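In this text, all values refer to a predicted model and were calculated from it rather than measured experimentally.
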Amino acid sequence: MKKIVVLLTAFICFISCKKETKPIEEIIWQPYDETSELAAQANHENARMRFKLLNSKLTDKNTLWQPFEIALANFSQDDYEKLKPLILEQNIPSIQKSVQEKKLTYEELTLFFIYRIRNYEHNNAVSLNAVITLNPNILKEARELDKKPFDEKRIYSLYGMPILLKDNVGASGMYTTAGAAVLAENNPNDAFIVDRLKANNALILGKTNLSEWAYYFCDGCPLGYSAIGGQTLNPYGRKLFETGGSSSGSGVAVAANYAVAAVGTETSGSILSPSSQNSVVGLKPTVGLLSRTGIVPISSTLDTPGPMTKNVMDNAIFLNAMTGKDSLDTASMDLNKDYLKNLKNANLKGKRLGVIRELLTDSIYATTVKKLGEFGAEIIEYDPPSITLNGFLTLLNIDMKNDLSKYLENYASDNITLRSIEDVVAYNQSNMDIRAPYGQQLFEGIVSDATTPEDFERIKNDLHDNGKKYFATPMEQYQLDAVLSINNYHAGYAAVAKYPCLTVPMGYKSTGEPISLTFIGKPFTEDDLLKLGYAFEKQTKVRKAPKNYQ
């Protein structure tokens, strides 16, 4: 009898101590009638915010977390709340120290983000449509990393850190779609930078939504929309503020703490814009610092991937993990720099910063410039030279016509049989409501562009020269360490000049919309920009997490 009582007591304890899990119906994403929401958006003052749909008609969000059902069933809200202070808004060194102190494992870190993504993305009232797919093998990969003894060198590394990739970056085992219906089942090999991330033991958590074809597809359409991912929304003002683009999902996912960090790509403003709009740190490197191999392109002249993070320290750690010489990318260079070196000692004293006079009409920028002077920087106001960027769209047209064909031929998986812009246009025309509801005007413009190779080379060279003059003239005249801009205001000039840019949160408008300070430097001075950004961030500490995603 006594033995029976003991067994019964143990059974009751097991039942009472068992983790509570939500009923399955509460964690399934349910499609719904968007009519009323879309009608409300029709009156938005910004024409690009007048959405035609919110959720993709081609994908089911439930497939995101389906591979993790068992793990999620054994991960409770209590587990999540316990881990939250160790992960949410923490930088990489802090997270690594929690692992070192055995307060956290890489598997728990990864499951935390998957749980968080499901928690928000299954709920139509708060979903952001920031993530297109998750790596089904990531928990197994995290467990393998947990088996290895902790090494002090990990503190400032991506070891075990779950990273999201913009969905134009190739990653084996996951589709790489560029947001487009025609690439819905494109399953290529790892891009060069993904190889580098894996070599540094980063965990590839999944793929983020983006403006379809990196926002060189439709004219005047919403930023952050793609046929595969639907409409990405800004966590600081859901359906109120633009997400920025084209790395929209990467900016939103980092801001909402869906991952430690994310990869973005930029041709002209596509890292700077979403980083600024979502109050995260974004680096657009000099073309050639990071490989483009295995990334769905717009322009081999201007394209570059770059890190998007919640702080400057993480950005430097991330950049270190992606650099390396790629023999398949003719622009690729290996400078063998350590972007963390002396970062913590950075300060603004004596730094000569160029302030574009017309931007001082922005009160947040003007206040920030004044603070920089108080922090010891030398402020030089100036009027930039009057320079145009004639032929910019022609450069993008001809590059994309050639570069996308090369990608489809050499990097897309064998099941993708289309080989040209013309093929994509024809494919979409058979079902425009689903595949291209906002049209494909820019792709049609590429098809009709008859620029000769000789004119293309002249346009490309003229743009590069003009971009350099826009920055080099004042930089040399005033011996500037960097030029200060706002958000992606001067991204076009920096793109054609091939000048790196770092954008760092500098405040919030009265509406709550984020705004950022952008440092622009000479080619391959990313280390200097990161030091300026780190010193600025340390003094101001303005970034705050979006209130509905804390």
Side-chain angles (χ1 to χ4, degrees), residues 166 168-169 178 191-193 210-211 213-217 244-247 250 263-275 282-308 322 326 328-333 387-407 421 442-443 445-446 449 451 453 455-472 485 487-503 518 520-526:
K166 184 177 179 179
N168 58 352
V169 179
F192 182 89
I193 59 166
L210 68 161
S211 308
W213 294 111
Y215 206 60
Y216 204 68
F217 178 53
S246 63
S247 305
S250 295
V263 173
T265 67
E266 175 152 333
T267 306
S268 174
S270 288
I271 289 173
L272 300 178
S273 168
S275 296
L283 175 68
K284 192 280 289 192
T286 311
V287 173
L289 182 63
L290 298 178
S291 163
R292 290 86 54 83
T293 298
I295 299 175
V296 182
I298 290 180
S299 167
S300 56
T301 305
L302 306 181
D303 287 352
T304 177
M308 298 170 71
M322 285 194 287
D326 174 16
L328 297 179
D329 184 346
T330 55
S332 180
M333 297 179 68
I387 287 171
T388 61
L389 297 180
N390 295 330
F392 193 90
L393 291 183
T394 301
L395 168 61
L396 300 187
N397 281 347
I398 304 306
D399 259 354
M400 193 165 192
K401 182 183 290 188
N402 297 325
D403 296 335
L404 184 56
S405 291
K406 290 176 184 175
Y407 173 86
I421 296 284
L442 295 180
F443 264 34
I446 293 172
D449 194 318
T451 303
D455 284 344
F456 172 65
E457 286 302 315
R458 176 184 54 77
I459 288 168
K460 187 162 66 170
N461 291 332
D462 287 349
L463 282 167
H464 182 57
D465 291 343
N466 285 341
K468 283 183 67 177
K469 287 175 187 174
Y470 189 85
F471 294 114
S485 181
N487 295 4
N488 61 322
Y489 286 14
H490 296 91
Y493 293 101
V496 294
K498 300 184 181 177
Y499 276 35
C501 309
L502 177 73
T503 193
T518 300
I520 303 170
K522 293 178 182 177
F524 300 108
T525 59
E526 286 81 1

Side chain to side chain donor-acceptor pair (under 3.5 Å) against D465, all qualifying residues, sequence neighbours excluded
none
Under 3.5 Å side-chain donor-acceptor pair for S246 and S270
yes
Do you know which two heavy atoms are closest between S275 and T503, and how far apart they sit?
CB-CG2, 3.6 Å
Could you work out, with ring-ring contact (aromatic ring centres under 6.0 Å, His included) as the rule, every residue matching F192, not counting sequence neighbours?
none
Are T286 and E526 close enough that a side-chain donor and a side-chain acceptor fall under 3.5 Å?
yes
Table please: side-chain donor-acceptor pairs of residues 290-301 below 3.5 Å, with sequence neighbours left out.
{"residue": "S291", "atom": "OG", "partner": "T293", "partner atom": "N", "Å": "3.0"}
{"residue": "S291", "atom": "OG", "partner": "D326", "partner atom": "OD2", "Å": "2.6"}
{"residue": "R292", "atom": "NE", "partner": "D329", "partner atom": "OD1", "Å": "3.4"}
{"residue": "R292", "atom": "NE", "partner": "D329", "partner atom": "OD2", "Å": "2.6"}
{"residue": "R292", "atom": "NH1", "partner": "S300", "partner atom": "O", "Å": "3.2"}
{"residue": "R292", "atom": "NH1", "partner": "D303", "partner atom": "O", "Å": "2.7"}
{"residue": "R292", "atom": "NH2", "partner": "S300", "partner atom": "O", "Å": "3.1"}
{"residue": "R292", "atom": "NH2", "partner": "D329", "partner atom": "OD1", "Å": "3.2"}
{"residue": "T293", "atom": "OG1", "partner": "D326", "partner atom": "OD2", "Å": "2.5"}
{"residue": "S299", "atom": "OG", "partner": "T301", "partner atom": "N", "Å": "3.2"}
{"residue": "S299", "atom": "OG", "partner": "L302", "partner atom": "N", "Å": "3.1"}
{"residue": "S299", "atom": "OG", "partner": "D399", "partner atom": "OD2", "Å": "2.5"}
{"residue": "S300", "atom": "OG", "partner": "D403", "partner atom": "OD1", "Å": "3.3"}
{"residue": "S300", "atom": "OG", "partner": "D403", "partner atom": "OD2", "Å": "2.9"}
{"residue": "T301", "atom": "OG1", "partner": "D399", "partner atom": "OD2", "Å": "2.6"}

So, taking the atom named CG in L389 and the one named CG in D462, what distance separates them when rounded to the nearest 0.5 Å?
11.0 Å
Rounded to the nearest 0.5 Å, how far apart are OG of S247 and CG of N168?
7.0 Å
Distance from L283 atom CG to C501 atom SG, nearest 0.5 Å?
8.5 Å
In Å, rounded to the nearest 0.5 Å, how long is the span from CG of L210 to OG1 of T265?
7.5 Å
Using side-chain heavy atoms (C-beta onward) and a distance below 4.5 Å, is Y499 in contact with T525?
no
Provide the closest heavy-atom pair for V263 versus P305 in the form atom of the first, atom of the second, distance.
CG1-CB, 4.4 Å
If you measure from OG on S273 to NZ on K284, what distance do you get to the nearest 0.5 Å?
14.0 Å
Return the set of residues passing side chain to side chain donor-acceptor pair (under 3.5 Å) with T330 (not counting sequence neighbours), or none when no residue passes.
none
What residues form a salt bridge (charged side-chain N to carboxylate O under 4.0 Å, His left out) with D449, not counting sequence neighbours?
none
Just to verify, what does D455 make a side chain to side chain donor-acceptor pair (under 3.5 Å) with, not counting sequence neighbours?
T452
Y407: what forms a side chain to side chain donor-acceptor pair (under 3.5 Å) with it, not counting sequence neighbours?
N186
Close side-chain approach of P274 and M308, heavy atoms under 4.5 Å:
yes
Between S250 and K166: side-chain donor-acceptor atoms closer than 3.5 Å
no
With sequence neighbours excluded, what pairs up with K522 under the salt bridge (charged side-chain N to carboxylate O under 4.0 Å, His left out) test?
none
What I'd like to find out is whether the side chain of T267 reaches to under 4.5 Å of the side chain of Y216, using heavy atoms alone.
no
Which pairs of donor and acceptor atoms, one on a side chain in residues 487-498, lie under 3.5 Å apart (sequence neighbours left out)?
{"residue": "N487", "atom": "OD1", "partner": "S516", "partner atom": "N", "Å": "2.9"}
{"residue": "H490", "atom": "ND1", "partner": "S485", "partner atom": "OG", "Å": "2.6"}
{"residue": "H490", "atom": "NE2", "partner": "Y470", "partner atom": "OH", "Å": "3.3"}
{"residue": "Y493", "atom": "OH", "partner": "I387", "partner atom": "O", "Å": "3.0"}

If you round to the nearest 0.5 Å, how far is CD1 of I271 from OG1 of T304?
6.0 Å
Would you mind reporting whether T451 and N397 have side-chain heavy atoms less than 4.5 Å apart?
no
So for atom NZ, which belongs to K469, do other residues, nucleotides or ligands contribute more than 12 heavy atoms lying within a distance under 6.0 Å?
no
Any non-hydrogen side-chain atom of I446 less than 4.5 Å from a side-chain atom of L442?
no
